[in-house]
Number of protein chains: 2
Amino acid sequence: MDGSLNDRHDGAKMTPSERRREIVNLVMAERTVQLDQLADHFGVSRMTIHRDLDLLEERGLLRKGRGGATAEGSLLFESNFHYRMQTEVAEKRALAKAAGALVEPGNVVMIDDSTTTLMLAEEFESIDFITIITNSLAVCERLRGRPNIHLILTGGTYNDTFQGFYGLVCEQSLAKLRADWAFLSASSVIGTSLYHQDQEVVRMKRALMSSAERSVLLLTHSKFKARALNHFADLSEFDRVFIGAQLDAPAAQRLQQANIAFELV
Amino acid sequence: MDGSLNDRHDGAKMTPSERRREIVNLVMAERTVQLDQLADHFGVSRMTIHRDLDLLEERGLLRKGRGGATAEGSLLFESNFHYRMQTEVAEKRALAKAAGALVEPGNVVMIDDSTTTLMLAEEFESIDFITIITNSLAVCERLRGRPNIHLILTGGTYNDTFQGFYGLVCEQSLAKLRADWAFLSASSVIGTSLYHQDQEVVRMKRALMSSAERSVLLLTHSKFKARALNHFADLSEFDRVFIGAQLDAPAAQRLQQANIAFELV
DNA sequence: AAATGTAACATGTTTTATGTGATAATTGTG
DNA sequence: CACAATTATCACATAAAACATGTTACATTT
């Protein structure tokens with residue numbers, strides 16, 4: 001790679017937020033971008049880019065420096081909730097649709113804090129007499145106020161990176177509740193093991209699984225390329241496993257050889 | 001009362017939201033309003049009033065019917081969160097300022113779900129190393145993401161009227177936590193007794209008080225005129241009581257005779 | 001038939017986004 | 001350290017988008 005941006009001055013008109021989104025993608029891909037290049041690339045003034053970068057910095061998506069911006073500590077970066085929320089949207093929605101079909105009126109359902117399972121919330125909006133238990137603030141905000149939904153939040157210590165609640169209060173609440181289904185995701189799959197970068201989240205997921213009759217796992221294909229620190233479960237512990245169809249063939253084969261039942265969507 | 005609105009066509013220009021706010025007040029006062037009267041009163045077209053009423057109905061503040069709107073079940077009405085949020089703002093803020101001054105860096109503080117105590121959240125934004133425990137979604141949303149604040153939500157069953165969490169999960173969480181201060185409000189004061197219209201809220205407030213070293217009560221003067229069903233505490237149980245200065249003299253005297261220590265702000 | 005509700009469009013208003021040029025701050029260099 | 005070059009910021013003007021409103025025509029209810 002030559003390090004310079006592909007500067008076709010897109011006649012395609014973008015909204016300001018589309019442009020900012022694209023800036024974040026570039027910063028992620030290139031690791032560092034020059035302010036001038038961005039101005040040139042999008043066909044806007046330097047001042048506009050300055051303002052964009054100020055705004056994105058405030059949201060913690062990048063760090064502004066003289067002449068441009070960089071992706072700061074990429075871990076924090078990739079785990080930023082709003083960022084994750086906007087990646088692989090179509091794939092996540094498909095997974096949510098497939099998994100959501102399992103649930104029937106009257107069921108009690110637990111949802112974890114992942115962006116993938118957040119899409120499930122939308123699926124449940126139209127189901128009557130459903131009880132939803134979650135540690136996710138995002139799920140809570142999406143579902144609150146709907147008269148057909150009985151919403152229970154676990155509570156706990158708030159963590160802004162995941163927009164969820166964790167710790168003793170959370171685990172204790174889960175321990176005292178019982179659900180028909182638990183829907184979870186993971187940050188990383190290696191072999192048949194699931195991982196997540198945060199210990200507190202791991203504890204929460206364990207508590208969730210042990211309080212539900214059946215556990216369902218939702219994985220986008222990119223999870224097979226990611227790496228994370230803490231083991232939290234094995235694929236064989238789940239009753240149903242849904243995986244994005246873009247999963248590459250070798251990975252799929254390995255799962256079959258390990259005798260894991262899964263469904264591509 | 002002659003039932004007709006006072007139709008001085010206020011030259012005073014209002015913003016759309018001021019007008020809607022005023023419509024809500026009228027509906028509350030008159031119990032029912034005519035669309036034509038409103039259009040006339042505010043000097044806007046019927047269509048505009050239609051749109052206002054549609055919007056207010058969606059927010060659950062009134063019910064639209066042919067030719068006008070009515071205050072549906074006034075209990076639900078008065079307890080609507082967004083409505084309460086906009087009444088007596090100055091008085092609530094003053095109370096919050098006075099009560100907030102009690103808290104020092106490092107303290108652990110519990111806040112209930114009232115709109116009065118929500119103002120406290122703002123006071124705490126600037127205090128370091130503070131831990132805030134609450135069952136209020138509104139408090140959570142105001143404070144989340146601030147690095148200087150350790151935020152714990154009790155969790156529980158969500159109630160949209162109060163924008164808070166209640167029930168077993170909530171009480172159990174509170175039981176396992178311990179705070180330096182609890183800040184509460186009440187819906188109604190009669191004699192030295194405090195009342196609230198909802199049982200679940202009463203249980204939550206009891207749990208809150210018994211988990212805190214010291215309890216502080218915040219009351220706007222209007223609480224002395226309101227009525228509510230369920231007793232939840234006595235004024236004498238509080239370590240500090242702050243009351244809005246508009247409290248009328250007879251009520252103040254009665255408190256003094258009952259030997260209640262309180263502070264007007 | 002009269003009254004009221006809804007939809008679509010045109011118009012004016014407010015808010016937001018952007019660019020420009022002046023000025024300030026920072027960096028690098030001899 | 002002075003100086004030029006680069007980059008940032010500020011304040012204002014203007015353009016674009018979003019919002020609010022009224023009008024008219026047509027649908028619905030009483």
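Below, chain A is the first sequence line, B the second, and so on; all start at residue 1.
The shortest heavy-atom contact between B:K64 and B:D54 is NZ-OD1, 2.6 Å. Here the closest non-hydrogen pair linking B:I127 and B:E123 is CG1-O, 4.1 Å. The shortest heavy-atom contact between B:R146 and B:R142 is NE-O, 3.5 Å. The nearest pair of heavy atoms linking A:T70 to A:V27 is C-CG1, 3.6 Å. Closest approach of A:S185 to A:T117, counting heavy atoms only: N-CG2, 4.2 Å.
Rounded to whole Å, atom C1' of C:dT18 lies 15 Å from atom CZ of A:F42. If you take CG of A:L55 and C1' of C:dT18, they are 14 Å apart, rounded to a whole angstrom. If you measure from atom CG of B:L35 to atom P of C:dT6, you get 10 Å, rounded to the nearest angstrom. The CG-C1' distance, from B:L38 to C:dT4, rounds to 15 Å in whole Å. Atom C1' of nucleotide C:dT20 and atom CD1 of A:I49 are separated by 16 Å, given to the nearest angstrom. Across the protein-nucleic acid pair, A:R46 atom CZ and C:dT23 atom C1' stand 15 Å apart, rounded to whole Å. Atom C1' of nucleotide C:dG5 and atom CG of B:D54 are separated by 10 Å, given to the nearest angstrom. To the nearest angstrom, P of C:dA22 lies 16 Å from CE of A:M47.
The side chain of A:R19 contributes an N or O atom lying less than 4.0 Å from OP1 or OP2 of C:dT18. The phosphate of C:dG19 has OP1 or OP2 within less than 4.0 Å of a side-chain N or O from A:S45.
Residue B:K64 has its side chain nearest to C:dT6 when only C:dG19, C:dT6, C:dT18 are considered. Looking at the side chain of A:R66, the nearest of the listed nucleotides C:dT18, C:dT4, C:dA25 is C:dA25.
Side-chain N or O atoms of B:T116 include none that pairs as donor or acceptor with a backbone N or O of B:K92 at under 3.5 Å. Between the side chain of A:D198 and the main chain of A:E200, a donor-acceptor pair closer than 3.5 Å is present.
Mapping heavy-atom proximity under 4.0 Å, the span of DNA chain D touched by chain A runs 5' to 3' from D:dT6 to D:dA17.
Put simply, the residue from A:E58, A:R51, A:R59 that forms a side chain to side chain contact (heavy atoms under 4.5 Å, CB included) with A:L55 is A:R59.
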Scan nucleotides 12-14 of chain C against the protein and return all N/O pairs shorter than 3.5 Å with their distances rounded to 0.1 Å.
none

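Residue contacts for A:D52: at a heavy-atom cut-off of 4.0 Å it reaches no nucleic acid atom on any strand shown.
Residues satisfying the ring pair (Phe, Tyr, Trp, His ring centres under 6.0 Å) test with B:F224, not counting sequence neighbours, are none.
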